[in-house]
Structure formats: structure tokens, C-alpha cells
Trainee: 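Next up is a structure, given as C-alpha cells.
Quick note: numbers below take in every heavy atom, side chains included, and nothing from hydrogens, waters or symmetry partners.
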Amino acid sequence: MKFAVIVFPGSNCDLDMFHAIKDELGEDVSYVWHDETSLDRFDAILLPGGFSYGDYLRSGAIARFSPIMKAVEEAATAGKPVLGVCNGFQVLLEAGLLPGAMRKNAKLKFICKPVALKVKNSETMFSMAYEEGSVITIPVAHGDGNYYCDQETLASLEKNNQIVFTYESELNGSINDIAGITNEKGNVLGMMPHPERAVDSLLGSEDGLKLFKSIVKHWREQHATTS
Amino acid sequence: MMIFEVKVTVTLKEGVLDPQGSAVQNSLHQLGFDTVEGVRIGKIMNLRIEATKDSIDDQVKEMCNKLLANPVIEDYRYEIEEVVSS
């Protein structure tokens, strides 16, 4: 399976993402610079964390208009797995590939620590290797992770089971403690916690590895049935 | 074509919590300014645009909706002034 890690000017978790896929997951992975225009050769798209364009104007607001984003939208429409972590999540929100927006953390602090997450939906292509309701530990590192959407959007997120991860205890002011959501189709996931930083018990947790294993498992199943 | 100075003001929508505004409000209260009932923090962007009188308004609106503001959480308003060369 071929993964793409999109690199924007100011991305800084791209190496961690690359390492997680190549060394821990053992799959094929390449960096794709933001001014490229095609992702046809990839099976899954990863938007890493960082501070694309210095977080100028709003987090993700400028990266969202990078040339590569058209290809990301096409990949999402085609049903390929698209994962945005932290700043990658913010880019997906700004691009309208996921509903809602990010505000500054309620207490204005940059929060950087391992947090407990509940797996709310283990039926997505990103979470099928987890047990539903299980609690996992994955680090966060963000200043703008305070998720917001209006009540109508929240109701539809809940109704369609689009909330995949929630914080076990109040963290940054996010509505309903939301840590990660998918689009309606379930092939685009945005999350503030960093699964790519939790892929080796030597470094504190390997709870994030199952997320990437889920993507591979789902992809293999799809290909076994269609070929 | 004419030159316009455009001042765009972007603020968080009413009802969207503004953590920066709340922190500044608390600080003002600590300084004794008890009369302050609300603080909202926003951004001001000054743009210089060459356009025709007929198109300037639509152009600014499009810029605000596409990039300068995030309509999910922010409102915007703008003032357009024609630059008169001396």
C-alpha cells in the first residue's frame, strides 16, 4: 500500500509520519511537496501536523489553497483514506472536507502531553483495529484545538456516527470533547492527537499504530474483494 | 481603474467563545475597570486594490468569504475608500 505524506512549508510532523509508516507499519511512503498537483499514484493521503504557512491568518487557512489540495479533494471524493493530524486536521476543516472550525484553546495554553482518548466509533477504516469504547493514550501538541461546530452540525455528526475519538476529560474547550471526526462517507478523518507519535512502546505508547493498521487492513480487504 | 483602500475587520461570531477576549476582560477587571461588560478581539486587514467602482465590492466580498474570514466562526465587515491622488 502506498502512502503520501503532504509537506507544506511549516509542516513539522512529516518526518514522524514518514517514520511511522515506513519503519513501524512497514508500508511504502513518499513525501509530496505542496506545489505538486497529482496524488494518483497513492492509496492513502496523510496531512501531517506543524504550522503550515506559520499559522498566519488562521491555522490551515493558507495551506488550504496549496496546489496539492485539489488532488487531496479528488482523493477524498474517490474514497481514498485521507488522514489529517493536528495542523492537517485544521487544513481539512478550512478546505471544507470536514465540518466545523478550530478556535484557540479555551485557556489559551499550548497543550503538549499524552492524553486519554475514547474510541467512540470502531467501524471506520481508521479505527477498525480498536475495540469500541476502549481508552487509548496518544499525545497532543496544539494551541488551536478547540473544536467548534453549530448545534445542527453536531447533531448530524452524532447521528451519522462521525465522532471517532473524544477526550476522556475536558482538555481544550472542544464541543462535546471532540478529538477526531470523519466526513459523512467515513474516508476522511481529522484528529488533533498525534497517532504517528505513538507507534513504539519505547517512546511511551504504541496505541497510535492500530490506526495505521486499520487503514491497511481495510485497504487489503477492499482489494481482496474487488480483484 | 481606480485605487481603493479597503479596511476589513474580522471578528468571532456572537456566541462563539473568544478566549482571548475573556482573558483581556478579566485583566481589565483586575485593573479596576469593572464597567467592562465584554471584550471581543478581532483582526484588521488593510488592502490596497486596483479595481473599477462597479467591481470593488464584489471582489472584497469574495476575498472575505474565500480566505480572509472563516464563515463557520467569524463575521466580517469592510469599509472601502477611494484613494485620491494629489
Trainee: May I ask you to test the A/V7-A/V32 pair for a side-chain heavy-atom distance under 4.5 Å?
Mentor: no
Trainee: Tell me, side chain or backbone of B/E74 under 4.5 Å from chain A's heavy atoms, or both, or neither?
Mentor: side chain
Trainee: Has A/N187 got a side-chain atom pairing as donor or acceptor with A/K80's backbone, closer than 3.5 angstrom?
Mentor: yes
Trainee: Ignoring hydrogens and angles, tell me if any N or O in the side chain of B/T9 forms a donor-acceptor pair with the backbone of B/I44 under 3.5 Å.
Mentor: no
Trainee: Indicate yes or no: at least one non-hydrogen side-chain atom of A/N121 is less than 4.5 angstrom from one of A/E132.
Mentor: yes
Trainee: Which residues, numbered in order, of residues 99-109 of chain A come under 4.5 angstrom of chain B by heavy-atom distance?
Mentor: A/G100, A/A101, A/M102, A/R103, A/K104, A/N105, A/A106, A/L108
Trainee: Set out, in order, the CA-CA distance, both residues' side-chain angles and the distance that settles side chain to side chain donor-acceptor pair (under 3.5 Å) for A/Y147 and A/N176, then state yes or no.
Mentor: CA-CA 9 Å; A/Y147 179 77; A/N176 282 25; over 6 Å; no
Trainee: B/Q20 and B/D18: side-chain donor and acceptor closer than 3.5 Å?
Mentor: no
Trainee: Aromatic contact between A/Y31 and A/F18, with the criterion being ring centroids under 6.0 Å apart: yes or no?
Mentor: yes
Trainee: So that I can tick it off, tell me whether B/K53 and B/E82 are bridged by a salt bridge, with the cut-off set at under 4.0 angstrom between side-chain N and carboxylate O.
Mentor: yes
Trainee: When only heavy atoms count and the cut-off is under 4.5 Å, which of residues 54-64 of chain A reach chain B?
Mentor: A/L57, A/R58, A/A61
Trainee: Any chance the side chains of A/S156 and A/T153 put a donor and an acceptor closer than 3.5 Å?
Mentor: no
Trainee: So, B/D54 and B/T52: side-chain donor and acceptor under 3.5 Å apart, yes or no?
Mentor: no
